[in-house]
> 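Questions regarding the structure given below will be posed in turn.
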Amino acid sequence: MSEILVRNADVLVTMDGSRREIAGGDLLMRDGAIIAVGQGLTTSGTVVEARGCVVTPGLVNTHHHLYQTLTRVVPGGQDALLFGWLKTLYPIWARFGPEEMFVSAQIGLAELALSGCTLTSDHLYLYPNGARLDDTIAAAREVGLRFHPTRGAMSIGESAGGLPPDSLVEREAAILEDSIRVVDAFHDPRDGAMVRVGLAPCSPFSVSRDLMREAALLARDKGVMLHTHLAENDEDIAYSLAQFGCRPGQYAEDLGWTGPDVWHAHCVKLDGAEIGLFARSATGVAHCPCSNCRLGSGIAPVRAMRDAGVKVGLGVDGSASNDAGNLVAEARQALLLQRVAHGADAMGAREALEIATLGGAKVLGRGDCGSLEPGKRADLAIWDMRGIEAAGAWDPVAALMLCGPTRVRDLFVEGRQVVREGQMATLDLPLAIERQNRLARRLAGL
């Protein structure tokens, strides 16, 4: 692969150990890795001019349900709390198949890419009509994002006191068997991996404690990470107390679901003791501010988590509960909510950007990503600050979080260009959108 030099950025935000911001910054990449950052760099390879731009590490999305991009703003679920929202959507999702999984992932990944995301996780926990995790992995390979899919699962249906319909749950033996299959087929533990796989039973109200324990044992045997939903809202806390006689943090600890190889989504209702547990055990959190607002779940205690030393990254969550998948907009929302909860000095723009980049990489166990420094992977976003969104801004880095733009100019993943001049470079996006809308109309019976 030839060298690529990104040259003359107004500001190059490194997120390195000293959080350097280089005015007039250059970045040289070769063979998928960053070779040098600084000023006055040269190359005989390709040059990308970044004058008028801010260059940042690629943003990292730590929680998503890509299949949900086919069910945005569904009537009956638009104004419901979590459990009611799920009951509305489960019957629709039960009609999905491999094509729906592939196309919805394709669109969701492209949406993330256009918002500056280079690395995303995905939590796929239902597999109707022959759908498999393989469908989303194929989409990620086509789009070109670094991907951390998780083999989710639901095993307790309505007839056994769970929330999902029986048609969407699987036998636990089959879940574990397929988990082994996808890890063996797709997981790459090496630095620079484009695909890593995690195990992710859906939630305490849709799987058994036995499955949670077995998944933790299997994940550690295979050397992969664990992910689930936890402490999302008041209903979640009430369910845990009624069914298990303990709060979600104790539930997680008892089942082996704390540690540096675990990250939990939402955690809106963690109390002080649970925050302390997560900090001591190096357990990560995927903070999903827009989804939490949309479902009325509350404001997650991000300030307390960060102050305690908990690893926190951002997640857009599924497009059925967001309803967008724009990660830079998610970072702004995270900043604003902490200020609503704790005052205007509770979180600054640079901390929000750190959570969106380096913070997410740490949550996903990617020490090779999240910052722009020699030896790290060449995952970076170039933001054109010359548009109307940032016109008049005095601080371009803060402007990215507070004003915009919310669409990236150029995006590189592993040194390959995924977005060029604000357009997808790896797929025919209008054609994919047309296919997506056709599938959505079919699901809606139109």
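Below, all heavy atoms of this structure are taken into account, side chains as well, without hydrogens, waters or symmetry copies. Computed from a predicted structure; not experimentally measured.
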> For Tyr125, enumerate each residue passing the ring pair (Phe, Tyr, Trp, His ring centres under 6.0 Å) test, keeping only those at least two apart in sequence or located in another chain.
His65, Tyr67, His123

> Rounded to the nearest 0.5 Å, what separates atom NE2 in His64 from atom CG in Leu109?
7.0 Å

> First locate atom CD1 of Ile92, then atom OG1 of Thr88, and finally report the distance between them rounded to the nearest 0.5 Å.
7.5 Å

> Ion pair present between Glu158 and Lys87, side-chain N to carboxylate O less than 4.0 angstrom?
yes

> Could you list the donor-acceptor pairs under 3.5 angstrom formed between side-chain atoms of residues 329-336 and any protein atom two or more places apart in sequence or on another chain?
| from | atom 1 | to | atom 2 | distance (Å) |
| --- | --- | --- | --- | --- |
| Glu330 | OE1 | Asn322 | ND2 | 3.2 |
| Glu330 | OE2 | Cys290 | N | 2.7 |
| Arg332 | NE | Leu402 | O | 3.0 |

> Run the salt-bridge test on Arg132 and Asp135 with the 4.0 Å N-O cut-off and return the result as yes or no.
no

> Dump the intermediate steps for salt bridge (Lys or Arg N to Asp or Glu O under 4.0 Å) on Glu172 and Arg213, then the final yes or no.
CA-CA 12 Å; Glu172 295 190 350; Arg213 288 191 193 94; over 6 Å; no

> Between Arg306 and Glu354, does at least one N-O distance fall below 4.0 Å, as a salt bridge requires?
yes

> Taking CD in Gln78 as the centre, count heavy atoms belonging to other residues, nucleotides or ligands within less than 6.0 Å. Is the count above 12?
yes

> Indicate yes or no: does Glu99 engage Arg435 in a salt bridge with an N to O separation below 4.0 Å.
yes

> Where do Thr69 and Gln436 land on the side chain to side chain donor-acceptor pair (under 3.5 Å) test, with the steps shown first?
CA-CA 9 Å; Thr69 57; Gln436 166 97 337; 3.3 Å; yes

> In Å, rounded to the nearest 0.5 Å, how long is the span from CD1 of Ile107 to CG of Leu439?
10.0 Å

> What do the steps show when you test Phe83 against Phe205 for ring pair (Phe, Tyr, Trp, His ring centres under 6.0 Å), and what is the final call?
CA-CA 10 Å; Phe83 283 17; Phe205 49 81; 4.7 Å; yes

> Under a 4.0 Å threshold between the charged nitrogen and the carboxylate oxygen, would Arg377 count as salt-bridged to Asp379?
no

> Tell me whether Glu170 is salt-bridged to Arg151, with the criterion being a basic N under 4.0 Å from an acidic carboxylate O.
yes

> Under a 3.5 Å threshold, yes or no: a donor from one side chain and an acceptor from the other, between Asp410 and Gln417?
yes

> Under the side chain to side chain donor-acceptor pair (under 3.5 Å) definition, can you give me all pairs with a residue in residues 387-402, not counting sequence neighbours?
Arg350-Asp395

> Quick one: list whatever passes ring pair (Phe, Tyr, Trp, His ring centres under 6.0 Å) with His266, sequence neighbours left out.
His63, His229

> With sequence neighbours excluded, tell me which residues meet ring pair (Phe, Tyr, Trp, His ring centres under 6.0 Å) with Tyr251.
Phe244

> As a quick check of understanding, evaluate salt bridge (Lys or Arg N to Asp or Glu O under 4.0 Å) for Arg247 and Glu253, giving each step before the final call.
CA-CA 10 Å; Arg247 286 185 54 87; Glu253 185 178 30; over 6 Å; no

> CD/Glu351 to CZ/Arg303 distance, rounded to the nearest 0.5 angstrom?
4.0 Å

> For Ser104 and Gln68, test the side chains for any donor-to-acceptor distance below 3.5 angstrom and give the result as yes or no.
no

> Could you tell me whether the side chains of Thr62 and Trp263 share a donor-acceptor contact shorter than 3.5 Å?
no

> Keeping Asp178 on the side-chain end and Ala174 on the backbone end, is there a donor-acceptor pair under 3.5 Å?
no

> Check whether more than 12 heavy atoms from other residues, nucleotides or ligands sit under 6.0 Å from atom CD of Glu434, and answer yes or no.
no

> Report the residues that fulfil ring pair (Phe, Tyr, Trp, His ring centres under 6.0 Å) with Trp383, sequence neighbours left out, ordered by chain and then residue number.
none

> Do Lys376 and Asp368 sit within salt-bridge range, that is, some charged N less than 4.0 Å from a carboxylate O?
no

> Could you check whether Glu414 pairs with Arg141 (Lys NZ or Arg NE/NH1/NH2 to Asp/Glu carboxylate O, under 4.0 Å)?
no

> Without hydrogens or angle criteria, can the side chains of Ser291 and Asp317 be said to hold a donor-acceptor pair below 3.5 Å?
yes

> Would you say Arg294's side chain and Ser321's backbone share a donor-acceptor pair under 3.5 angstrom?
no

